[in-house]
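Notes follow once the structure below has been shown.
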Amino acid sequence: MKALLRRKALGVFLTFASLLLVWSWTSRSAAIQVQASAPAQAAILVDATRPGPVISPDLWGTNLTQQANAQQTVENPDFITSTRSLHIQLIRWPGGNNADAYDWKRDEEIRPGHRRQRTNGVDLARILRFVQDVGAELTVTVNFGTMTAQDAADLVEFLNGPADSPWGAQRAAMGFPEPVRVRTFEVGNEIGQPHMWYYSWMAEDPVRYFFGGHALRQGFYNNAGSQAYDPVGAKGDFFKAVGGPHQTYTLRFPPVRQVRMAWFVDQDAAESCMTTYRQTGTLPIIPGQCQPWEQVDDLSSQPGDALVFILDASRGVIRFGDGIHGFAPLQGSYFLVEYETYGHEGFLDYARAMRAAPSVVPIRIGAAMLPFQDAQPIADDATMREIFQAMDFYVRHQYDSGLPRPAWNDYNARRQIPLDRIDTLAGVYGRVADYIQSLGLGHVPEIGVSEWNIFLNQDYWQINRTLEGAVLTASWFIHVLNQANRAPVAFAEQFALGGGNLALIRSQTNNSIAPMGYVFQGFGQWPHSRLLPVQVTGPGAMAFNREVPYIAAAAALSPDGRTLRLALVNNARDETIIVGWQTLGFVPRAARAWQLTGPGFEAHNDRNPETIIPQPTNIEPPFNTIALPPHTVAFIELDAAIPRLHFPLILQK
């Protein structure tokens, strides 16, 4: 009966809902004027009598890598102001891939052959000041690739321990006497991907990830996606000699054993011999071009032309001669060092050590991969229970989409990306939940989407920074909110704040806010509100291979019950759509709204920071209709005539 009455009420509502759109694009201050006269083409029913779960602030996060230029970002007043205005809730640091090659204790990057300090990167002190400046919370990716479980535990203590703890005292000495209260830690980054052979002692092996062990750093990996930083794709350490006597190089993954070394006299020799090695599996020996070097215990008795080296195997340090006792490698020559690395700890060791560290807040620990191989569990039931009990969440990254590459060129096909992504999350979560329940466990870890963007592929990066990128971003957030039961997302972090083609803010140029940054701003008041059920009826069209509605919507009720918020998207390329809404159990007395729209879906703010900015929108009584131009995002706040509901502020932190 209630459903029938609601349908009848909605039908009456749609019969009389109308408006006339009169708007100006001539200046930033021009407002969109809305009057009632034309019938609504899409209808939204919001049920304020059935408030749902409290909305976590952790959905609106982003990344800031340690490799970002500090002067352009965290030490730039304009960048700080822009970031603060976006209402960013979480900031993930120090990476991405770089997290597994970063020594936070020494502020060093760990690369093939050497460790290098960055004088202008975003180190611990800088990131702690920045999150304080912008009012965000820090979340950390722990180095699983080149450090230890004890290093991870020390980091927890440094961030969260009391000032009288050993590492807490070091934090206090840096000017941060109070614990930072970091709640969320990931153990490693994308360990299941082949490019992580460059950053981690292992990759693509869940058994090694969860239990530790050893890995043979020999041969090659599929580096098709990592040409920029590793054109060779060797699992061993491939590096360039700097020349001079007593050269010293540090291998990435000590301790080491079974070390073998090859030397290439110049770049041409290196390319030729490495190509042969990749193709045949055998490294050629060509005197004067590609030659093996021998490990010895002492250089003092070696002649000046001897191709020899000494090795500190526990530290992975290689030392060459001075040209009198052992040959000194020529500047511009290359080395390949292959070896076995061993004695490494796994996720379970990290989780135990981190939970034992002093912390003023409970911490959440997430795994970078799931404990399955070829769709089968990696261990017996008892061990699998132990793994899932140690895991508070598991990490998924979302880039590009399941669309075939040719479809990426089509706007209408791209409309499908947000729906496909939520379906992917739901599918993974459902399979994991079914398996965990078969083990007799009640708790199913949520999903941590610690990296997402519309496109990572370089040919399509620019879409992230356009008005279309904002429309797809808002659609994704709307689906994450509305389908939380199918795909519970613990937190989400966009990639990446700090400059570059994927940034929310163009830090290298004019510090302009990208259109998707304004989407974050629009959701800024949603945390701690109650999610409301929403039904949308309206037009749509085939995207790539599924029908996708033009209108997407989410709604939330403020903690005090006085304000109802709507987020609306019109993802149509060309159609303006008149949208009407009805709010059951909530009678608005006033409305505030703004739209993010512009001259075209390709428009962006890279050259002119005011090309795409929020445009104020006037909504006239009875505060229930709006016209959405094509590729538009709108945020609406309705104030209640009489507060019908009251909910206390429920914090998720």
Side-chain angles (χ1 to χ4, degrees), residues 17 19-35 38 40-44 411-412 414-419 454 463-479 481-482 513-524 526 534 536-541 543 548-555 565-581 591-605 610-620 623-638:
L19 70 113
L20 175 65
L21 178 66
V22 181
W23 74 313
S24 170
W25 187 254
T26 59
S27 71
R28 176 173 181 170
S29 60
I32 298 173
Q33 306 292 330
V34 179
Q35 297 175 351
Q41 299 166 304
I44 298 172
Y411 177 96
N412 203 50
R414 295 194 296 263
R415 295 170 52 242
Q416 187 171 316
I417 291 174
L419 280 171
I454 308 307
I463 293 176
N464 297 291
R465 303 191 56 76
T466 63
L467 177 58
E468 182 191 356
V471 170
L472 294 173
T473 293
S475 300
W476 187 78
F477 280 129
I478 286 170
H479 293 314
L481 289 167
N482 288 337
I513 296 173
M516 74 163 60
Y518 288 117
V519 172
F520 278 68
Q521 191 177 79
F523 281 109
W526 286 53
V534 174
V536 179
T537 304
V548 177
Y550 287 141
I551 301 299
R565 295 184 171 90
L566 282 171
L568 305 179
V569 168
N570 176 9
N571 62 50
R573 175 172 177 167
D574 302 307
E575 292 85 354
T576 293
I577 298 177
I578 301 170
V579 180
W581 58 85
R592 297 173 301 279
W594 57 265
Q595 295 186 13
L596 202 63
T597 189
F601 65 86
E602 311 98 332
H604 55 78
N605 292 335
E610 296 192 359
T611 300
I612 304 294
I613 58 175
Q615 296 287 330
T617 305
N618 292 333
I619 299 179
E620 301 295 337
F623 311 118
N624 60 3
T625 51
I626 193 171
L628 296 183
H631 41 266
T632 290
V633 181
F635 289 93
I636 301 166
E637 290 188 347
L638 305 172

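Note that this is a predicted model, so its numbers are computed, not measured.
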### Task
Can you spot which of Asn605, Leu467, Thr466 makes a side-chain contact (heavy atoms from CB on, under 4.5 Å) with Thr611?
Asn605
### Message
Using every non-hydrogen atom in the two residues, find where His631 and Val471 come nearest and quote the distance to one decimal.
### Response
C-CG2, 3.6 Å
### Task
Search all heavy atoms of Val548 against all heavy atoms of Ala543 and return the closest pair with its distance.
CG2-CB, 3.6 Å
### Task
Walk me through it: do Leu638 and Trp581 pass the test side-chain contact (heavy atoms from CB on, under 4.5 Å)?
CA-CA 11 Å; Leu638 305 172; Trp581 58 85; 3.5 Å; yes
### Task
Report the C-alpha separation of Ile454 and Glu468 in whole Å, then their side-chain angles, then the decisive distance to 0.1 Å, and conclude whether the side-chain contact (heavy atoms from CB on, under 4.5 Å) test is met.
CA-CA 10 Å; Ile454 308 307; Glu468 182 191 356; over 6 Å; no
### Task
May I have the step-by-step check of side-chain contact (heavy atoms from CB on, under 4.5 Å) for Glu637 and Arg592, ending in yes or no?
CA-CA 5 Å; Glu637 290 188 347; Arg592 297 173 301 279; 2.8 Å; yes
### Closest non-hydrogen atom pair, Ser475 against Pro418
CB-CG, 3.7 Å
## Note on the structure
Heavy atoms of Asn570 and Glu575 approach each other most closely as ND2-O, 2.9 Å
### Query
Hey, are the side chains of Val633 and Phe477 touching, using non-hydrogen atoms and a 4.5 Å cut-off?
no
### Message
What I'd like to find out is whether the side chain of Trp526 reaches to under 4.5 Å of the side chain of Leu481, using heavy atoms alone.
### Response
yes
### Query
Within a strict 4.5 Å, meaning less than it, do heavy atoms of the Val519 and Phe523 side chains meet?
yes
### Query
Using 30° and 60° as the class limits, which term best fits the ring planes of Tyr411 and Phe601: parallel, tilted or perpendicular?
tilted
### side-chain contact (heavy atoms from CB on, under 4.5 Å) evaluation trace for Leu568 with Ile44
CA-CA 10 Å; Leu568 305 179; Ile44 298 172; 3.4 Å; yes
### Message
Is there a side-chain contact between Thr597 and Pro630 in this structure, where contact means two heavy atoms from C-beta onward sitting under 4.5 Å apart?
### Response
no
### Summary
Residues Trp594 and Gly522: closest non-hydrogen pair is CZ2-CA, 3.5 Å
## Note on the structure
Residues Pro539 and Ala42: closest non-hydrogen pair is CD-CB, 4.2 Å
### Task
Would you mind telling me which of Arg415, Gln416, Arg414 makes a side-chain hydrogen bond (donor to acceptor under 3.5 Å, both in side chains) with Asn412?
Arg415
### Task
Could you tell me the separation between the CD1 atom of Ile577 and the CG atom of Asn571, rounded to the nearest 0.5 Å?
8.0 Å
## Note on the structure
In this structure, CD1 of Ile626 is separated from CD1 of Ile636 (nearest 0.5 Å) by 4.0 Å
### Query
Atom CD in Gln595, atom OG1 in Thr617: separation rounded to 0.5 Å?
4.0 Å
### Within-4.5 Å side-chain heavy-atom neighbours: Leu596 and Phe635
no
